[in-house]
Structure formats: structure tokens, C-alpha cells
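First the structure, in the form of C-alpha cells, and then the observations on it.
If you read the sequence from its start, that first residue is 1, and numbering goes on from there. Numbering of ligands and ligand atoms starts at 1, following listing order.
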Amino acid sequence: MTISVSGCSSVYAKNSIQSPGKQCKYTGQSVRALPVRILTVGKKRSPGVQLLVDEYILKLKHYCSVDDVLVRSNPKNARDVRAQVEDEDAAVIGHFGSDDWVVMLDENGLDIGSEKMAELVGDAGNTGASRLSFCIGGPYGHGRKMRERANMSIKLSSMVLNHQIALLVLMEQLYRSWTILKGQNYHH
Ligand SMILES: C[S@@+](CC[C@H](N)C(=O)[O-])C[C@H]1O[C@@H](n2cnc3c(N)ncnc32)[C@H](O)[C@@H]1O
């Protein structure tokens, strides 16, 4: 099942007190804030990345709760890539509730801008889901089961990113999304 993330307006409200930047269809409306869970497949994180992750979790806590979960890469020490990806899929999917709205991060996913990302966050609150989950794959990406489970797949760039960099870009875009939804002066 997929959702549409179209229809953002980029009208700039010059006379607004908050002087918001580009807007989306939910700007100024009340949006149901689903708790967010981000699952990243990988090994131990670098301290520098962890500092930034913690900083964005603090920023995001003004808007929604954020659960940052590191899923161990190759959890069963499989010897071939296919088995490794299947094991990683199973480990990640095991963290999802049946009513999670799951967004898969993938370099071949849907190319959306920041306003549409804000709409994705707003739309997720209207799906009936109880949590918005994002998943970032391991060194070989996601497998078939994850692709079947995900409600949608998005790209952050046309370039392939290291999973730790993908996590940071995702967190910054979630923060940006909330400032767009709230009409705050961050996104220009
Ligand atoms: C090192 S990449 C894996 C690349 C691998 N070629 C693959 O098959 O996906 C690890 C993870 O980071 C995320 N990622 C990397 N580049 C991305 C991009 N441009 N957009 C969205 N997610 C990306 C994806 O979740 C990917 O599974």
C-alpha cells in the first residue's frame, strides 16, 4: 500500500509573523504526531555520528518521540550475502508492530522534496498507524521481505550514502519536516 505525497504549496507568506518558508498542505493545521522509530542496520556507530544523532533526537523531541534502534549487521554471521540480507530483514521486521507505517530508505526509492517529506509525516498520522517507522539497510541494502512489508520507499539522494550518513540526513529532514508543518522559520 502506498500513499500519495503530492500537492505541496510553496507560497511564501511575507506578512506572516513567523515568516514561514516553503509550506506544505498541512502547514498551520494540527497534525497527529506519531512516535517515530528509526531502525538502522550496521555495526557500532562512530562517536561523532552518535553526537549528532543525540542532538537531532533532542531537537525532534519538541515535536514527537524518537526511538533510535541499531540492528546488528549480519546477526547470524551468515556466509553469503543473500542469507545475510534475509537475516537483517527478519531482525528489522521483528521490531515493527503490525500497524506501523513503514518507510524504507533506498537509493532507488521515490524522489521527494522536503515539503513532500513533511506531507509524508503529516499523512502518516492519518493512516491509522500507531507509529511511523523508518528503516535503513545494511551494506547490501534491503531484501524482498522488507520491500514487501514497507508501505513506501524513498530516496534521500541519487548518490549512495553510508548508512550512518543516511541516518543523519533522515533525522535532519524529519526535523525540517516538523518546522514546515508548524510554519516555523527554518526552511526557506
Ligand atoms: C550502504 S547503503 C547500501 C547500498 C546498497 N547498494 C543497496 O543495495 O542498498 C546502506 C543503506 O543506506 C540507505 N541509503 C544509502 N543511500 C541512500 C539514498 N541515497 N537514499 C536513501 N537511502 C539510502 C539505504 O537504506 C541503504 O540500504
Side-chain angles (χ1 to χ4, degrees), residues 1-6 8 24 34 36-57 60 66-97 100-124 129 131-178 180 187:
M1 185 170 154
T2 55
I3 56 170
S4 151
V5 285
S6 61
C8 265
C24 82
L34 291 182
V36 168
R37 177 172 283 173
I38 306 174
L39 296 136
T40 309
V41 177
K43 300 215 167 86
K44 201 167 175 275
R45 241 174 234 163
S46 85
V49 169
Q50 190 61 53
L51 269 179
L52 281 170
V53 166
D54 292 343
E55 191 175 319
Y56 274 104
I57 288 175
L60 280 162
V66 181
D67 192 11
D68 162 41
V69 182
L70 184 62
V71 176
R72 195 162 83 81
S73 173
N74 200 6
K76 294 186 180 168
N77 298 316
R79 287 169 188 260
D80 69 89
V81 169
R82 192 176 160 161
Q84 175 176 339
V85 170
E86 279 176 7
D87 294 344
E88 289 170 352
D89 269 11
V92 172
I93 290 168
H95 284 273
F96 298 146
D100 280 19
W101 186 260
V102 176
V103 180
M104 188 176 90
L105 278 285
D106 188 285
E107 74 233 40
N108 299 309
L110 194 62
D111 191 3
I112 62 172
S114 294
E115 295 85 11
K116 288 185 182 177
M117 178 72 176
E119 289 198 2
L120 181 160
V121 172
D123 286 343
R131 183 164 50 199
L132 174 57
S133 286
F134 293 89
C135 52
I136 296 173
Y140 304 105
H142 306 283
R144 185 178 53 81
K145 290 210 167 133
M146 178 61 71
R147 290 174 195 286
E148 283 170 5
R149 173 62 182 87
N151 296 95
M152 61 186 305
S153 166
I154 60 168
K155 69 159 79 172
L156 299 167
S157 157
S158 297
M159 296 181 186
V160 178
L161 308 172
N162 168 281
H163 63 282
Q164 299 190 70
I165 303 301
L167 172 63
L168 290 176
V169 175
L170 171 65
M171 292 190 118
E172 196 277 339
Q173 288 303 309
L174 283 172
Y175 175 69
R176 184 174 295 273
S177 293
W178 274 107
I180 292 170
H187 181 62

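- The ring-ring contact (aromatic ring centres under 6.0 Å, His included) pairs that include a residue from residues 69-94 number zero, where partners must be two or more places apart or lie in different chains.
- For the residue pair Ser157 / Glu107, no side-chain donor-acceptor distance below 3.5 Å is found, with atom types taken as modelled.
- Looking at residues two or more places apart in sequence or on another chain, you find a side chain to side chain contact (heavy atoms under 4.5 Å, CB included) between Lys145 and Asp89, Ile93.
- The minimum heavy-atom distance between Ser73 and Val41, with the atom names listed, is CA-CG1, 3.8 Å.
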Can you produce the list of protein nitrogen or oxygen atoms under 3.5 Å from a nitrogen or oxygen of ligand 1, alongside each distance?
unit_1	atom_1	unit_2	atom_2	d
ligand 1	6 (N)	Glu107	OE2	3.4
ligand 1	8 (O)	Tyr140	O	3.3
ligand 1	9 (O)	Glu107	OE1	3.2
ligand 1	16 (N)	Leu161	N	2.8
ligand 1	19 (N)	Ser157	O	2.9
ligand 1	19 (N)	Met159	O	2.7
ligand 1	20 (N)	Leu156	N	2.8
ligand 1	22 (N)	Asp106	N	3.4
ligand 1	25 (O)	Leu105	O	2.6
ligand 1	25 (O)	Gly137	N	2.9
ligand 1	25 (O)	His142	NE2	3.4
ligand 1	27 (O)	Gly137	N	3.3

Solution key, residues 45-52 side-chain donor-acceptor pairs under 3.5 Å, sequence neighbours excluded:
unit_1	atom_1	unit_2	atom_2	d
Arg45	NH1	Gln50	OE1	3.1
Arg45	NH1	Asp68	OD1	3.4
Arg45	NH1	Asp68	OD2	2.7
Arg45	NH2	Asp68	OD1	2.9
Ser46	OG	Val49	N	3.2
Gln50	NE2	Asp54	OD1	3.0

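- Around CZ of Arg82, the count of heavy atoms belonging to other residues, nucleotides or ligands within 6.0 Å does not exceed 12.
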